[in-house]
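As structure tokens, the structure follows; a few thoughts come after it.
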Amino acid sequence: MLVNNLLFQGLLLVAMVAANAVSNQFSCGPLAYGLSAEDCEYMAAIGMAGQGQNAIGERDAGIWIGSEGPNTFTFVNTAEVPVTVIVWYRAEGDDRSSFVGARAPKISYSLPFANDAVDISLGNEVPGGWSALYNRSTELTPYGQINNTFGEFSTGTYATIDVSRLVTMSGNPMTVKVSSGCVADMKTCAYACNSGTDSCGAAGTYNLLNCRGTNAVQSIDPSGDPTGGCQGWTDGGHVDIMLA
Ligand SMILES: *[C@@H]1O[C@H](CO)[C@@H](O)[C@H](O)[C@H]1NC(C)=O
Ligand SMILES: *[C@@H]1O[C@H](CO)[C@@H](O)[C@H](O)[C@H]1NC(C)=O
């Protein structure tokens with residue numbers, strides 16, 4: 001949907017700074033609320049630009065920790081290993097928002113044990129995405145994106161959410177359930193590379209899998225590429241996200 005076409009433009013921009021990625025080494029003192037020291041140190045070691053802002057109950061932040069927002073996402077660790085959830089905001093016109101080697105995320109939250117969960121609130125008309133670090137071993141690509149499965153969203157009037165496998169087709173599974181009905185997972189309302197490549201994003205290189213049924217929408221963008229995802233949460237709603 002919204003973010004896919006931006007991935008490759010961003011790659012070009014960020015290629016210039018990628019060589020500097022490991023020089024970030026930001027400080028883990030003080031720690032953001034909800035982020036463990038081990039996870040923070042791992043984020044610094046792989047070249048992330050910073051800890052999450054991890055605002056608590058602050059609507060002005062657009063994306064914050066808490067369950068009082070018009071939109072709420074509950075992230076659950078359904079893996080057998082520690083998971084660090086990373087959520088970013090896609091500022092208007094910022095093709096690098098998902099490049100966490102260049103941009104500190106909005107949220108970086110530790111879910112160290114199976115069934116640990118966190119509620120994240122989002123205002124309306126907020127676009128962004130998320131991914132996760134598993135077992136302190138997921139790395140960044142040479143361009144500075146998390147080398148794993150992404151979720152992408154836009155809240156508000158055209159609220160839509162999907163799974164994107166364009167950074168890597170071999171990422172960890174996730175399941176995204178919109179409470180009014182519609183699921184995105186690795187095979188449903190998921191953007192996937194056409195075939196034979198682990199990573200893609202240019203026009204004509206990817207498709208949107210099985211995005212049909214209640215609240216699922218699919219159409220074609222001006223380049224002829226698929227666009228769509230799970231709707232049914234216009235101007236507010238709840239989404240459960242299982243990270244496996
Ligand atoms: C997770 O990391 C620990 C410590 O490095 C390692 O012993 C364990 O095998 C890893 N688990 C999985 C499932 O990769
Ligand atoms: C991303 O991870 C996959 C699976 O571990 C690996 O095959 C691929 O080479 C990685 N890609 C990059 C760009 O690091």
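Between F153 and W130, the two ring planes are parallel [angle under 30°; tilted spans 30° to 60°].
Hydrophobic cluster membership is shared by L122 and I56, with clusters built from Ile, Leu, Val, Met, Phe, Trp and Tyr side chains linked at under 4.5 angstrom. Under the 4.5 Å side-chain heavy-atom criterion for ILVMFWY residues, no single connected hydrophobic cluster contains both F75 and W64. In the hydrophobic clustering of this structure, V81 groups with V118; members are Ile, Leu, Val, Met, Phe, Trp, Tyr whose side-chain heavy atoms approach within less than 4.5 Å, directly or through other members. With hydrophobic clusters built from ILVMFWY side chains whose heavy atoms lie under 4.5 angstrom apart, I46 shares a cluster with F26. Linking Ile, Leu, Val, Met, Phe, Trp and Tyr whenever their side-chain heavy atoms come within less than 4.5 Å leaves W233 and V217 in two separate clusters.
In this structure, the side chain of D225 engages the main chain of G204 through a donor-acceptor pair within 3.5 Å. S121 places a side-chain N or O within donor-acceptor distance of the main-chain N or O of G66, the cut-off being under 3.5 Å. R165 places a side-chain N or O within donor-acceptor distance of the main-chain N or O of M186, the cut-off being under 3.5 Å. Panel note: side chain Y134, backbone A244; a donor-acceptor pair is recorded below 3.5 Å. With N71 contributing its side chain and G123 its backbone, the two residues share a donor-acceptor pair below 3.5 Å. Side-chain atoms of S164 do not come within 3.5 Å of backbone N or O of Y191 as any donor-acceptor pair. With hydrogens and angles ignored, the 3.5 Å screen pairs a side-chain donor or acceptor of T78 with a backbone N or O of L243. Side chain of K177 to main chain of M242: no donor-acceptor pair is present (N/O by atom type, distance under 3.5 Å, no hydrogens or angles). N215 places a side-chain N or O within 3.5 Å of a backbone atom of G181 that can act as its donor or acceptor partner. Here the side chain of D221 pairs no donor or acceptor atom with the backbone of T227 at under 3.5 angstrom.
Considering every non-hydrogen atom in both L209 and A192, the closest pair reads CD1-CB, 3.8 Å. Nearest heavy atom pair, residue S131 against residue W88, reads N-CZ3, 3.6 Å. Taking each heavy atom of V83 and A79 in turn, the nearest pair found is CG2-CB, 4.2 Å. Residue A216 comes nearest to C211 through the heavy atom pair CB-C, 3.7 Å, listed as atom of the first residue, atom of the second, then distance. Of all heavy-atom pairs spanning S137 and Y42, the tightest one is C-OH, 3.0 Å. When every heavy atom of C189 is checked against every heavy atom of D162, the shortest pair comes out as O-CB, 3.6 Å.
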Exercise for review: Apply the test side chain to side chain donor-acceptor pair (under 3.5 Å) to residues S108 and Q51: give CA-CA distance (whole Å), side-chain angles for both, the deciding distance (0.1 Å), then the verdict.
Suggested key: CA-CA 6 Å; S108 58; Q51 302 186 46; 5.5 Å; no
Point to revise | Criterion side chain to side chain contact (heavy atoms under 4.5 Å, CB included) on E139 and N147, from CA distance to verdict | key: CA-CA 6 Å; E139 296 183 351; N147 184 20; 5.5 Å; no
Exercise for review: Given side chain to side chain donor-acceptor pair (under 3.5 Å), test D198 with S170 step by step and report yes or no.
Suggested key: CA-CA 7 Å; D198 188 59; S170 38; 2.8 Å; yes
Exercise for review: Let me see the working for L111 and T84 under side chain to side chain contact (heavy atoms under 4.5 Å, CB included), right down to the final yes or no.
Suggested key: CA-CA 6 Å; L111 300 175; T84 317; over 6 Å; no
Review point. Do T149 and N172 pass the side chain to side chain donor-acceptor pair (under 3.5 Å) test, and can you show the C-alpha distance, the side-chain angles, and the key distance before you say yes or no?
Key: CA-CA 6 Å; T149 312; N172 290 95; over 6 Å; no
Check your understanding: Could you go step by step and tell me if R59 and E68 meet the side chain to side chain contact (heavy atoms under 4.5 Å, CB included) rule?
Key -> CA-CA 9 Å; R59 286 173 178 267; E68 67 276 39; 4.2 Å; yes
Practice item. Show the numbers, then the answer: is there a side chain to side chain contact (heavy atoms under 4.5 Å, CB included) between M48 and L140? Key: CA-CA 8 Å; M48 285 183 63; L140 304 189; 4.2 Å; yes
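At least one side-chain heavy atom of V126 sits less than 4.5 Å from a side-chain heavy atom of Y89. Two residues are said to be in side-chain contact when any heavy atoms from C-beta on lie closer than 4.5 Å; L166 and C193 meet this criterion. Proximity of T168 to F150: side-chain heavy atoms (C-beta onward) are nowhere separated by under 4.5 Å. Annotation: side chain of V87 is not in contact with side chain of Y109 (no heavy-atom distance under 4.5 Å). Counting heavy atoms from C-beta on, the side chains of T157 and D235 come closer than 4.5 Å. Using a 4.5 Å cut-off on side-chain heavy atoms (C-beta onward), V167 and N148 make no contact. With a 4.5 Å cut-off on side-chain heavy atoms, F73 and V176 do not count as touching. Counting only heavy atoms from C-beta outward, the side chains of D116 and V76 never approach each other to under 4.5 Å.
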Please list, one pair per line, the donor and acceptor atoms closer than 3.5 Å that link side chains of residues 29-38 to other protein atoms, with sequence neighbours excluded.
from	atom 1	to	atom 2	distance (Å)
S36	OG	D39	N	3.1
S36	OG	S110	OG	3.4

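The number of heavy-atom neighbours closer than 6.0 Å to CG of D60, taken from other residues, nucleotides and ligands shown, is 12 or below. The number of heavy-atom neighbours closer than 6.0 Å to CD of E125, taken from other residues, nucleotides and ligands shown, is above 12.
The side chain to side chain donor-acceptor pair (under 3.5 Å) test with S98 is passed by exactly one of Q145, E152, R103: Q145.
Between C182 and C230, the sulfur-to-sulfur (SG-SG) separation falls under 2.5 Å.
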